[in-house]
Protein chains: 2
Amino acid sequence: MLPATPTKRRKAAPADEQGGLRMTRQRQEVYETLLAHRDHPTATDVFLRVKDRLPNISLATVYNCLEVLVEHQLVRQVNFEREPSRFCPNLEQHGHFHDRGTGTILDVKFKKGVKLSDVLDLPPGAVVQDIEINLRGLLRTT
Amino acid sequence: MLPATPTKRRKAAPADEQGGLRMTRQRQEVYETLLAHRDHPTATDVFLRVKDRLPNISLATVYNCLEVLVEHQLVRQVNFEREPSRFCPNLEQHGHFHDRGTGTILDVKFKKGVKLSDVLDLPPGAVVQDIEINLRGLLRTT
DNA sequence: GAAAAAATTTAGAATAATTCTTGCTATCGG
DNA sequence: CCGATAGCAAGAATTATTCTAAATTTTTTC
Ligand SMILES: [Mn+2]
Ligand SMILES: [Mn+2]
Ligand SMILES: [Zn+2]
Ligand SMILES: [Zn+2]
């Protein structure tokens, strides 16, 4: 006999909720700001941009929104050295190239069909969950 | 006629100077501490270890020593996310694997003969000066 | 080898990105 | 509408790191 498990159906998500993330106005604007420019802005950059549309937003809220967007994997956090974190809405697996000349950060696609183990001598038993590839150099403007 | 260039020979480096780096006691101990364990310690870790041998060393000095060792390329600085920097005396080109289970950071060798351009779609004109590969995951202990 | 100059070390203060705390507001489920 | 939960804003707190200034050590000059 089955135990009397009450048929606890998953709580219906509100209309504006996506993947457990409640898309508030602030989160929406932060996310759209990232989508709009895709130039890997810092939290402060995002703050300044969003302020045009939401003049009362606080920097703490921008940090909160970015954190929750990262947690829900709508956005990636990109760190170069110990500089302020940057944020990227490109969800394809990719790396980053930092041009020391201009400070620009560019997305770098991974070539198709390349396996990590073709390139790296992984420690035995290593289960890789996350890959981060950061390049630094110069963009020779031809 | 040659101009009267005074025969300005390169200033002789003091005996303890290597590649422009003066190997002071503090730098020596910091460097040897890194060589001794190769477990990617933080500045504070190094500070605590070196204090056993140089009880008067200050944390600021450890930071200074690490900085100068990195500048002179005897040591590499390794950053995972926004955690405190770690330091690595392995000068071969390599990446790092961070085991989320234990916090251990392992060196990951690059396979021989693999070119970056085999793996990544580099932006046109990009001259890569520095490569950083950081992996995160679990070490399945078999 | 002393004096002067330069480099290094030290302790503590300052910095800056990020996180935390708290009170307020908005939204949700009923 | 009501109580509960989640999110926001402002400012304080945190913390790894850098800076400052005075003391010490090392190197150079005489
Ligand atoms: Mn920016
Ligand atoms: Mn450690
Ligand atoms: Zn990106
Ligand atoms: Zn290493």
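Computed from a predicted structure; not experimentally measured. Only heavy atoms go into these numbers, but all of them, side chains included; no hydrogens, no water, no symmetry mates.
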Separation of [X] atom [atom1] from [N] atom [atom2], in whole Å?
{"X": "B/Arg82", "N": "D/dA16", "atom1": "CZ", "atom2": "C1'", "result": "10 Å"}
{"X": "B/Glu81", "N": "C/dT18", "atom1": "CD", "atom2": "C1'", "result": "14 Å"}
{"X": "B/Ile57", "N": "D/dT24", "atom1": "CD1", "atom2": "C1'", "result": "14 Å"}
{"X": "B/Leu21", "N": "C/dA7", "atom1": "CG", "atom2": "C1'", "result": "12 Å"}
{"X": "B/Phe47", "N": "C/dG12", "atom1": "CZ", "atom2": "P", "result": "12 Å"}
{"X": "A/Glu71", "N": "D/dG7", "atom1": "CD", "atom2": "C1'", "result": "14 Å"}
{"X": "B/Glu67", "N": "C/dT9", "atom1": "CD", "atom2": "P", "result": "12 Å"}
{"X": "A/Leu54", "N": "D/dA9", "atom1": "CG", "atom2": "P", "result": "8 Å"}

| request: Can you figure out which of D/dG7, C/dT9, D/dA9 approaches the side chain of A/Arg27 most closely? | output: D/dG7

| query | Of the nucleotides C/dC28, C/dT8, D/dC8, which has the atom closest to the A/Arg22 side chain? | reply | C/dC28

Determine: side-chain N/O of [X] to OP1/OP2 of [N], distance under 4.0 Å, yes or no.
{"X": "A/Tyr63", "N": "C/dT19", "result": "no"}
{"X": "B/Thr24", "N": "D/dT25", "result": "no"}
{"X": "A/Ser58", "N": "D/dC8", "result": "no"}

Distance-only side-chain donor-acceptor flag, [X] / [Y], under 3.5 Å:
{"X": "A/Asp99", "Y": "A/Thr102", "value": "yes"}
{"X": "A/His40", "Y": "A/Asp107", "value": "yes"}
{"X": "B/Ser85", "Y": "B/Asn79", "value": "yes"}

| note | Comparing A/Ala60 with B/Thr61, nearest DNA chain C nucleotide closer to 5' gives the residue B/Thr61

| message | Taking B/Ser117's backbone N and O only, do any of them form a donor-acceptor pair with A/Lys111's side chain (distance below 3.5 Å, no angle check)? | response | yes

| field | Polar side-chain atom of A/Arg76 near backbone of A/His94 as donor-acceptor pair, under 3.5 Å | value | yes

With a non-hydrogen cut-off below 4.0 angstrom, is [X] in contact with a base, only sugar-phosphate, or nothing?
{"X": "B/Thr44", "value": "nothing"}
{"X": "A/Gln26", "value": "sugar-phosphate"}
{"X": "A/Asn64", "value": "nothing"}

| said: More than 12 heavy atoms of other residues, nucleotides or ligands under 6.0 Å from NZ of A/Lys115: yes or no? | reply: no

| task | Please step through side-chain hydrogen bond (donor to acceptor under 3.5 Å, both in side chains) for the pair B/Thr42 and B/Thr44, ending with a clear verdict. | result | CA-CA 5 Å; B/Thr42 64; B/Thr44 303; 4.5 Å; no

| Axis-to-axis angle across the helix from C/dG1-D/dC30 to C/dG30-D/dC1, five pairs an end, to 10 degrees? | 40°

